[in-house]
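Residues take their numbers from the sequence shown, with the count starting at 1.
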Amino acid sequence: MSLKVIRLLTVTLFEPQIPPNTGNIARLCGANYIKLDLVGDIGFDMKDKYLKRAGLDYWEHIDWEYFPNLGEYCNSVFKHNFHLLTTKSKTSYTDRVYRSNDYIIFGSETAGISEKILNSHPGNTCTIPMENKNIRSLNLATSVGIVLHEAIRQVRHAK
């Protein structure tokens, strides 16, 4: 569904697998007029009851699109300013500069963003630093919330 609003940023999920994460992220995006792009092979049906429950009755108020082909999406989006979130980066998400219309891209809960994409764009990668090295990663919805609000803060402060 596409709403007629000025896009501040776009959150992209590559091949999300867990419906409640996607629903929570959709609600977060909707609350802030952030576009949500779902890309590639998603691990659930968009009619999934857990997805709907997590997004509550807000889906009609969320600007989102589904793009089935990951390669085509990347060829289009990588012409713009984008940020790839990964545990494999040494750059903190707070060290990145976010601008209006940027794409903030997250990988699937199970595989992250492919090594091929990360290796092709090392200057676009960043991570959420974690002190406890026994923890591999954070929940996807939590990660999106952390990074998205830093990006919103920077974009709104720059105006």
Side-chain angles (χ1 to χ4, degrees), residues 1-3 5 7-89 91-93 96 98 101-122 124-130 135-152 155:
M1 175 176 194
S2 187
L3 300 175
V5 296
R7 290 188 189 141
L8 187 63
L9 299 156
T10 298
V11 166
T12 301
L13 303 181
F14 284 172
E15 303 182 330
Q17 301 298 306
I18 301 174
N21 281 339
T22 302
N24 285 323
I25 293 164
R27 189 167 22 158
L28 174 66
C29 288
N32 293 285
Y33 292 115
I34 303 298
K35 183 163 186 276
L36 174 62
D37 288 348
L38 305 176
V39 183
D41 296 326
I42 58 176
F44 49 85
D45 185 320
M46 287 303 291
K47 296 177 183 162
D48 185 286
K49 68 179 181 179
Y50 298 107
L51 175 72
K52 286 187 175 191
R53 183 179 302 152
L56 298 174
D57 57 350
Y58 301 128
W59 280 100
E60 67 184 77
H61 305 290
I62 297 166
D63 183 9
W64 69 278
E65 275 185 85
Y66 171 63
F67 299 86
N69 189 300
L70 181 64
E72 287 177 12
Y73 183 85
C74 290
N75 286 338
S76 173
V77 167
F78 289 176
K79 295 174 184 170
H80 304 281
N81 201 40
F82 63 96
H83 312 270
L84 300 168
L85 273 293
T86 175
T87 59
K88 298 172 177 85
S89 179
T91 303
S92 172
Y93 74 99
R96 299 283 299 165
Y98 303 91
N101 297 312
D102 280 6
Y103 290 80
I104 305 170
I105 303 171
F106 298 83
S108 76
E109 296 91 338
T110 56
I113 297 173
S114 78
E115 293 285 333
K116 180 180 178 185
I117 291 173
L118 296 175
N119 291 337
S120 296
H121 305 281
N124 294 81
T125 66
C126 58
T127 192
I128 301 170
M130 297 183 299
I135 306 299
R136 287 188 312 272
S137 63
L138 298 175
N139 171 274
L140 180 60
T142 300
S143 296
V144 172
I146 290 168
V147 177
L148 179 58
H149 276 281
E150 171 61 16
I152 290 170
V155 170

CA sep, side-chain torsions, deciding dist, call: W64, C29, side chain to side chain contact (heavy atoms under 4.5 Å, CB included): CA-CA 9 Å; W64 69 278; C29 288; over 6 Å; no

Taking side chain to side chain contact (heavy atoms under 4.5 Å, CB included) as the criterion, tell me which of L148, I34, L38, L36 meets it with I25. L36

Nearest heavy-atom pair of I104 and A151: which atoms, and what distance? CD1-CB, 3.5 Å

Quick one, I105 and N124 - any side-chain contact, counting heavy atoms below 4.5 Å? no

At their closest point, which heavy atom of S108 faces which heavy atom of A111, and how far apart are they? OG-N, 3.0 Å

Check each of T22, I18, L13 against L140 using the side chain to side chain contact (heavy atoms under 4.5 Å, CB included) test, and report the only one that passes. L13

Residues two or more places apart in sequence or in another chain: which of them pass ring-ring contact (aromatic ring centres under 6.0 Å, His included) with H149? none

I'd like to know if E115 pairs up with K88 as an ion pair, taking the criterion as any Lys NZ or Arg NE/NH1/NH2 lying under 4.0 Å from an Asp or Glu carboxylate oxygen. yes

Taking only residues two or more places apart in sequence or in another chain, which ones pass side-chain contact (heavy atoms from CB on, under 4.5 Å) with S137? T87

Only one of Y103, Y93, Y98 clears ring-ring contact (aromatic ring centres under 6.0 Å, His included) with H83; which? Y98

Whether E65 side chain and D63 backbone form a donor-acceptor pair below 3.5 Å: no

Which donor-acceptor pairs under 3.5 Å do side chains of residues 72-82 form with protein atoms, sequence neighbours excluded?
from	atom 1	to	atom 2	distance (Å)
Y73	OH	T12	OG1	2.7
Y73	OH	D37	OD2	2.6
N75	ND2	G71	O	3.3
N81	ND2	D102	OD1	3.0
N81	ND2	D102	OD2	2.9

With sequence neighbours excluded, tell me which residues meet side chain to side chain donor-acceptor pair (under 3.5 Å) with S114. none

L84 side, atom CG; F106 side, atom CZ - distance, nearest 0.5 Å: 10.0 Å

Checking T125 now: which residues fulfil side chain to side chain donor-acceptor pair (under 3.5 Å) with it, not counting sequence neighbours? S89

Could you please spell out the steps behind the side chain to side chain contact (heavy atoms under 4.5 Å, CB included) verdict for Y33 and L8? CA-CA 7 Å; Y33 292 115; L8 187 63; over 6 Å; no

Hey, mind stepping through T142 and I128 against side chain to side chain contact (heavy atoms under 4.5 Å, CB included) and telling me if it holds? CA-CA 11 Å; T142 300; I128 301 170; over 6 Å; no

Decide yes or no on side chain to side chain contact (heavy atoms under 4.5 Å, CB included) for C126 and L85, but give the supporting numbers first. CA-CA 5 Å; C126 58; L85 273 293; 3.8 Å; yes

At their closest point, which heavy atom of G30 faces which heavy atom of I62, and how far apart are they? CA-CG1, 3.9 Å

Excluding sequence neighbours, so at least two apart, what forms side chain to side chain donor-acceptor pair (under 3.5 Å) with E109? N21

Please round to the nearest 0.5 Å and tell me the distance separating atom OG1 of T110 and atom CD of Q17. 4.5 Å

